[in-house]
Amino acid sequence: MRWRSPLLPLLFLFSLLTLLVDGAAASDFKICAFNVQKFNYAKASNSRVRHTLTRILSRCDISVLQEVMDPDGKAIQKLLASLNRYDKFSYRAVSSKALGNSPSDMQQYVFIYRMETVNVTDEHQYQKKQSFVRGPFAVHCQSSKIAIKNFILVALHTDPGQAVKEIDRLYDVFVEVSKKWENQNVMFLGDFHAGCAHMARADKKKIRLFTNSSFSWLIGDKVDTTVTEDTTCAYDRIVVHGKSFLRAITPFSAKVFNYVKEFKLTKAKALELSNNYPLEVRLKNSALLLQATPLLILLSVSVIIQSFL
C-alpha cells in the first residue's frame, strides 16, 4: 500500500486559498487620488512625465487628479489618449471648472475612470465660495463590481493657510451631497495639507470629520505622502463615511503608492511629475468572493473526509 501524507489535502487547500486571496486582491476595485502639481499642456507633452502618470493611473478604476491647469482640456485629452493606448480598458474624464482666487493659480479637479468597471452618473460643484478657495468637486458613481454599487467621491485640494477650516467644512459638503443623491456612502480624498505646520494634533478637535465617529480616516498621521526627503508629512488623506462603505473596503489597503520605488525612478525624475505620492484604496469585489464560496465549502468537506481515511 502506497503511503500518502495526511498533510497533502491541507497543503492543497492552503495553496488554493492563497490563490483565491491573491486573485481577489488583484481584481478589487481601486480608487486613487493624486496631486499632479500644475499639470498643464506643457507637462502633458513631456513624454517621460506622461508615461509615468499613465502607468500610475492605469492601476486604478477611478482616480481624482488635483492641481490640473487645463482650461481648454488639451492636457487631459493628451493624457487620456496615452491611457487608452497603454491599457486594455477605455478611460473617460470628468472635470470641474477652474477654481481659485488668483488668475495665475486656477485649478481643476479631474476624475479619470474606466468605463468598463465604473460609471460616473452625476457631478456636483460645491458653490459656497467663502468656505473654500477651491470648492470640493463631487461625483456620484455606480459599479456592479462592488457590493455597495453606488457611492460618492469628493475631491478637495485645500489652501495650505486655511487647511483646518476647509477640512472641517467638508462636513457641510457631506450633508449637501448625501442629501442631493440620497446616499451616505461618501469618500473624501485629496491633498488636504493635513499635517506638519498646516494641521497639528490639537487642531483635530476643531474638525468635525475627526470629532464625529461616523467618519474613518484611512491614512494615518504618521504616513509620509511626500516624495521629497525634506518633509515627512501626511498631507494627502482618504476619509470615509459610514459603516457600510467601510465594510466594503479591503482592510489595510489604503496607502501611498511609491512610484519612485516601484518604477525605479530617481527622485529628480519623480519630482518632474509631483512632490506628492498618489493615494490608493481597494474596495472588495463581492462577485469573486461569492463565486469562491461554494468551491471553498466543497474543498473543506473534502479535507474533512480525507482526514478520516
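Just so it is clear, the values below take in all heavy atoms, side chains as well, and ignore hydrogens, waters and symmetry mates.
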Set out, in order, the CA-CA distance, both residues' side-chain angles and the distance that settles side chain to side chain contact (heavy atoms under 4.5 Å, CB included) for Val256 and Leu279, then state yes or no.
CA-CA 4 Å; Val256 300; Leu279 297 184; 3.7 Å; yes
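- Counting heavy atoms from C-beta on, the side chains of Tyr109 and Arg134 come closer than 4.5 Å.
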Carefully, step by step, assess Asp61 and Arg114 under the rule salt bridge (Lys or Arg N to Asp or Glu O under 4.0 Å).
CA-CA 5 Å; Asp61 290 88; Arg114 293 173 176 169; 3.4 Å; yes
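- In terms of modelled atom types and a separation under 3.5 Å, the side chain of Gln125 and the main chain of Pro136 share a donor-acceptor contact.
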Where do Cys141 and Asn119 land on the side chain to side chain contact (heavy atoms under 4.5 Å, CB included) test, with the steps shown first?
CA-CA 6 Å; Cys141 303; Asn119 183 32; over 6 Å; no
With side chain to side chain contact (heavy atoms under 4.5 Å, CB included) as the test, would you mind laying out the steps for Ser253 and Glu280 before giving the verdict?
CA-CA 7 Å; Ser253 65; Glu280 62 180 48; over 6 Å; no
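- Under the 3.5 Å distance criterion, the side-chain polar atoms of His193 are left unmatched by any main-chain donor or acceptor of His198.
- Counting non-hydrogen atoms of other residues, nucleotides and ligands closer than 6.0 Å to NZ of Lys38 gives a total of 12 or fewer.
- Interatomic distance, Asp70 CG to Lys78 NZ, rounded to the nearest 0.5 Å: 11.5 Å.
- A donor-acceptor contact shorter than 3.5 Å links the side chain of Asn84 to the backbone of Leu80.
- Considering only heavy atoms from C-beta on, Ile31 stays 4.5 Å or farther from Arg282 through its side chain.
- Cluster annotation: Leu65 and Met69 are assigned to distinct hydrophobic clusters (Ile/Leu/Val/Met/Phe/Trp/Tyr, side-chain heavy-atom contacts under 4.5 Å, transitive).
- Remark: the backbone N or O of Ser90 is paired with a side-chain donor or acceptor of Glu116 at under 3.5 angstrom.
- Between the side chains of Asp28 and Asn285, no donor-acceptor pair is found at a separation under 3.5 Å.
- Results of the side chain to side chain contact (heavy atoms under 4.5 Å, CB included) test with Phe29 over Thr250, Val281, Thr117 single out Thr117 as the only residue that passes.
- Atom NZ of Lys267 has more than 12 neighbouring heavy atoms from other residues, nucleotides or ligands inside a 6.0 Å radius.
- Judged by distance alone, the side chains of Asn185 and Ser244 do bring a donor and an acceptor atom under 3.5 Å apart.
- Tyr86 and Ile112 end up in different hydrophobic clusters when Ile, Leu, Val, Met, Phe, Trp and Tyr side chains are linked at under 4.5 Å.
- The backbone N or O of Arg48 sits less than 3.5 Å from a side-chain atom of Thr52, completing a donor-acceptor pair.
- Proximity of the aromatic rings of His140 and His124 is defined here by a centroid distance below 6.0 angstrom, and this criterion is not met.
- When side chains are defined from C-beta on, Phe132 does not count as touching Gln162, because their heavy atoms never get closer than 4.5 Å.
- One N or O on the side chain of Glu166 and one on the backbone of Asp159 form a donor-acceptor pair closer than 3.5 Å.
- Judged purely by atom type and a 3.5 angstrom limit, Lys97 has no side-chain atom pairing as donor or acceptor with the backbone of Gln108.
- Under the 6.0 Å distance and 45° angle rule, Arg92 does not count as a cation-pi partner of Tyr113.
- Side-chain N or O atoms of Asn276 include none that pairs as donor or acceptor with a backbone N or O of Thr226 at under 3.5 Å.
- Looking at Tyr91 and Asp87, their side chains come closer than 4.5 Å, going by heavy atoms from C-beta outward.
- Judged by distance alone, with hydrogens and angles left aside, the side-chain atoms of Arg208 form no donor-acceptor pair with the main-chain N or O of Tyr171 at under 3.5 Å.
- Here the straight-line distance linking atom CD of Gln77 with atom CG of Asp72 works out to 7.5 Å at 0.5 Å rounding.
- Considering only heavy atoms from C-beta on, Leu83 comes within 4.5 Å of Leu57 through its side chain.
- Residues Tyr126 and Glu176 are in side-chain contact: their nearest non-hydrogen atoms beyond the backbone lie under 4.5 Å apart.
- Within the 4.5 Å cutoff, no side-chain heavy atoms of Val154 are placed close to those of Leu189.
- Partner of Phe215 under the side chain to side chain contact (heavy atoms under 4.5 Å, CB included) criterion, chosen from Leu209, Leu246, Val240: Leu209.
- Around CZ of Phe257, the count of heavy atoms belonging to other residues, nucleotides or ligands within 6.0 Å exceeds 12.
- No continuous path of hydrophobic side-chain contacts links Tyr235 to Phe210 [ILVMFWY only; heavy atoms under 4.5 Å].
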Can you check salt bridge (Lys or Arg N to Asp or Glu O under 4.0 Å) on Lys206 and Asp203, steps first, answer last?
CA-CA 5 Å; Lys206 307 173 188 175; Asp203 291 322; 3.3 Å; yes
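- For the pair Met115/Phe89, no side-chain contact is recorded, criterion being any heavy-atom separation below 4.5 Å from C-beta on.
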Intermediate values then yes/no, side chain to side chain contact (heavy atoms under 4.5 Å, CB included), Met187 and Ile152
CA-CA 6 Å; Met187 178 182 291; Ile152 299 166; over 6 Å; no
Pair Tyr277-Phe34, ring pair (Phe, Tyr, Trp, His ring centres under 6.0 Å): steps then yes or no
CA-CA 7 Å; Tyr277 285 122; Phe34 194 15; 8.8 Å; no
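- Looking only at atom types and distance, the side chain of Ser102 has a donor-acceptor partner in the side chain of Ser104 under 3.5 Å away.
- Around atom NZ of Lys204, more than 12 heavy atoms belonging to other residues, nucleotides or ligands sit under 6.0 Å away.
- Interatomic distance, Lys264 NZ to Thr266 OG1, rounded to the nearest 0.5 Å: 13.5 Å.
- Residue Leu156 is not grouped with residue Met106 when hydrophobic side chains (ILVMFWY) are merged at heavy-atom distances under 4.5 angstrom, including chains of intermediate members.
- Counting only N and O atoms by type, the side chains of Gln142 and Thr121 include no donor and acceptor under 3.5 Å apart.
- Val133 and Phe192 fall into different hydrophobic clusters, where Ile, Leu, Val, Met, Phe, Trp and Tyr residues are linked whenever their side-chain heavy atoms come under 4.5 Å apart, directly or through other members.
- The cationic atom of Arg237 (NZ for Lys, CZ for Arg) does not lie both less than 6.0 Å from the six-membered ring centre of Phe188 and within 45° of the ring axis.
- Counting only distance, with no hydrogens or angles, the side chain of Lys222 and the backbone of Cys233 share no donor-acceptor pair below 3.5 Å.
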